[in-house]
Novice: 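Please read through the structure below; I'll follow up with questions.
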Amino acid sequence: MIPAVISVVVALIIAIPVTVVVTSSYQKKTAAKTIGTAEDKAREIIDEALKTAESKKREGLLEVKEESIRTKNELDKEIKERRAEVQRYERRIQQKEENIDKKSDAIEKKEASLLAKEEELSKQKEKIAKLNEERVQELERISGLTSEQAKEYLLKIVEDEVKHETAILIKELETRAKEEADKKAKEYVVSAIQRCAADHVSETTISVVQLPNDEMKGRIIGREGRNIRTLETLTGVDLIIDDTPEAVVLSGFDPIRREVARIALEKLIVDGRIHPARIEEMVEKAQREVEVMIKEEGEAAILEVGVHGIHPELVRLLGKMKFRTSYGQNALKHSIEVAQLSGLLASEMGLDVRVAKRAGLLHDIGKSVDHEMEGSHIQLGSELCRKYKESAVVINAVESHHGDKEPTSLISCLVQAADAISAARPGARRETLETYTTRLKQLEDITNNFKGVDKSFAIQAGREVRVMVVPEQINDADMILLARDISKQIEAELEYPGQIKVNVIRESRVVDYAK
């Protein structure tokens, strides 16, 4: 058995190398055959690729040649068009240059012609000047006047004629305007004044409190003056005790404080207990009473006028105007009168009576706070009306009633007229002696500064100025212009209630004596 196995093993050992040799030889043959086939295929592919590339190259060259030919044709066409356009421009420029040359030649000819005409004109001017000089000399010889004298004489004649015609025209226009305006104005104003009845009070800066006896003065003064000092400190009013028997004079610029002091002092006199604590208590009571009085006066004013819907603060400010005066005229009474006049005038003209009364009542509302705040009563009044939502018509009436702004409605004009009527009515207002004399002097100074005025006199409490002119310097036509100039300057420089009449007088007197 073992020998059999050994023989098999030996057989296998011999067979394996033989098999390997045979197998490797077969594989080599197979590989050589495969490589040969692949090389042939590769050669075929390369040849095919070369053929395809050559054909593509030829096609590309053909396309490039065709594109270059087409581009060349387009460029040639564009170049031809550009050349044609350039040629057109050149022809046009050439034509313009020819036209410019023609115009230049024409201008040169005109300049030459103008130069010739200028030379001719200068010669004619010289000739005219010479003839004019000879004419002037001949005229001077004939008239016996020099050219300057003759010129002055002619200008004087023309000036006199113009002045005369201007004065006549002004007089005619004024007369016509007065004739047309006076008729309607008189009807409205007289009707309004006739139907209006308002009380006036004239108030000063002092109040007088009567005393039961002179012994009360010492009690008011108090020990070492403590009572009077307390009263003056709490009220802000000066007490004058020694000047008037059985009376105490309260002096103060603020009428509300003065009224508080008066009521408090009267209460103290009745009570009899006068000491600092009691004074303070009475002053507080008096302040409350005055506040109630202010509110009641404001409500009474709007009820009297018949205006409703006014803001409560404006009603209170109206009540404060009871203690405010202007030239001695009570501001609240003045506002009520202006409201009534405005309403009457509005009814005559067919306007809104309620708005006119409202504007008239509030036109001076700024005077209630003008001593507490900075600004004119017009500015403060317009700000208050805007603050409390009054209408634009009322605000404009407040702003324009003294001419500070142009009125934008007829109601504003009516308020302005009613204010002037109320202020200018005789007895409505008064002035201090110093203001009165100063205004008279200013009136005379203004009129005396005009050329041709001999002397002037302010008469009728400053409501008329009488101007005497030199008759040799001012003729009848000059008088009309002089009166107008004087009135305009008075309006510009002076402040005054009502109106001032300018009366220019020219008279000639000849005096001789029989011997």
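Every heavy atom of this structure was used, including side-chain atoms; hydrogens, water molecules and symmetry mates were not. Position 1 is the first residue of the sequence; numbering continues from there. Here the structure is a predicted model, which is why all the values come from computation and not from measurement.
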Novice: How far apart are the C-alpha atoms of L362 and R358, what are their side-chain angles, what is the distance that settles it, and do they pass the side-chain contact (heavy atoms from CB on, under 4.5 Å) test?
Specialist: CA-CA 6 Å; L362 297 176; R358 193 184 193 96; 4.3 Å; yes

Novice: Show your reasoning for whether side-chain contact (heavy atoms from CB on, under 4.5 Å) applies to I446 and L494.
Specialist: CA-CA 10 Å; I446 288 173; L494 292 185; 4.0 Å; yes

Novice: A397: what forms a side chain to side chain contact (heavy atoms under 4.5 Å, CB included) with it, not counting sequence neighbours?
Specialist: A359, S412, V415

Novice: Can you pull the ring-ring contact (aromatic ring centres under 6.0 Å, His included) pairs that have at least one residue in residues 287-311, sequence neighbours excluded?
Specialist: H311-Y388

Novice: What verdict does the side-chain contact (heavy atoms from CB on, under 4.5 Å) test give for L361 and I310, after you've listed the backbone C-alpha separation in whole Å, the side-chain angles of each residue and the deciding distance to 0.1 Å?
Specialist: CA-CA 11 Å; L361 186 63; I310 295 179; 4.1 Å; yes

Novice: Under the salt bridge (charged side-chain N to carboxylate O under 4.0 Å, His left out) definition, can you give me all pairs with a residue in residues 391-403, not counting sequence neighbours?
Specialist: R386-E399, E399-K405

Novice: Quick one: CZ on R257 to CD on Q287, what's the gap to the nearest 0.5 Å?
Specialist: 10.0 Å

Novice: Which residues satisfy the side chain to side chain contact (heavy atoms under 4.5 Å, CB included) test with N448, sequence neighbours excluded?
Specialist: E444, V453, S456

Novice: I'd like to know whether M321 forms a side-chain contact (heavy atoms from CB on, under 4.5 Å) with I365, so could you lay out the CA-CA distance, the side-chain angles of the two residues, the decisive distance to 0.1 Å, and finally the verdict.
Specialist: CA-CA 8 Å; M321 290 172 65; I365 192 67; 4.1 Å; yes

Novice: Does R484 have any salt bridge (charged side-chain N to carboxylate O under 4.0 Å, His left out) partners at least two apart in sequence or in another chain, and if so, which?
Specialist: E174

Novice: Considering residues at least two apart in sequence or located in another chain, which fulfil the salt bridge (charged side-chain N to carboxylate O under 4.0 Å, His left out) criterion with D352?
Specialist: none

Novice: Among L414, L341, V338, whose side chain to side chain contact (heavy atoms under 4.5 Å, CB included) with D419 holds?
Specialist: V338

Novice: With a cut-off of 3.5 Å and sequence neighbours excluded, list every side-chain donor-acceptor pair involving residues 75-99.
Specialist:
{"from": "E78", "atom 1": "OE2", "to": "R82", "atom 2": "NH2", "distance (Å)": "3.3"}
{"from": "E85", "atom 1": "OE2", "to": "Y89", "atom 2": "OH", "distance (Å)": "3.2"}
{"from": "N99", "atom 1": "ND2", "to": "Q95", "atom 2": "O", "distance (Å)": "3.3"}

Novice: For K320, give me all partners under salt bridge (charged side-chain N to carboxylate O under 4.0 Å, His left out), at least two apart in sequence or on another chain.
Specialist: E372

Novice: With sequence neighbours excluded, tell me which residues meet side-chain hydrogen bond (donor to acceptor under 3.5 Å, both in side chains) with D47.
Specialist: none

Novice: Taking all non-hydrogen atoms of both residues, which atom of S409 and which atom of N396 are closest, and how far apart?
Specialist: N-OD1, 4.1 Å

Novice: Which residues satisfy the side-chain hydrogen bond (donor to acceptor under 3.5 Å, both in side chains) test with R316, sequence neighbours excluded?
Specialist: E313

Novice: Is a donor from one side chain sitting under 3.5 angstrom from an acceptor on the other, for S335 and D364?
Specialist: no

Novice: Could you list the donor-acceptor pairs under 3.5 angstrom formed between side-chain atoms of residues 110-126 and any protein atom two or more places apart in sequence or on another chain?
Specialist:
{"from": "S122", "atom 1": "OG", "to": "E118", "atom 2": "O", "distance (Å)": "3.2"}
{"from": "S122", "atom 1": "OG", "to": "E119", "atom 2": "O", "distance (Å)": "2.6"}

Novice: Checking E54 now: which residues fulfil salt bridge (charged side-chain N to carboxylate O under 4.0 Å, His left out) with it, not counting sequence neighbours?
Specialist: R58

Novice: Decide ring pair (Phe, Tyr, Trp, His ring centres under 6.0 Å) for H377 and H401; before the verdict, give the C-alpha distance in whole Å, the side-chain angles of both, and the deciding distance to 0.1 Å.
Specialist: CA-CA 11 Å; H377 76 278; H401 76 274; 5.5 Å; yes

Novice: Please determine whether the number of non-hydrogen atoms from other residues, nucleotides or ligands lying under 6.0 Å from atom CD of E134 exceeds 12.
Specialist: yes

Novice: If every non-hydrogen atom of E259 is compared with every non-hydrogen atom of V290, which pair is closest and at what distance?
Specialist: CG-CG2, 4.0 Å

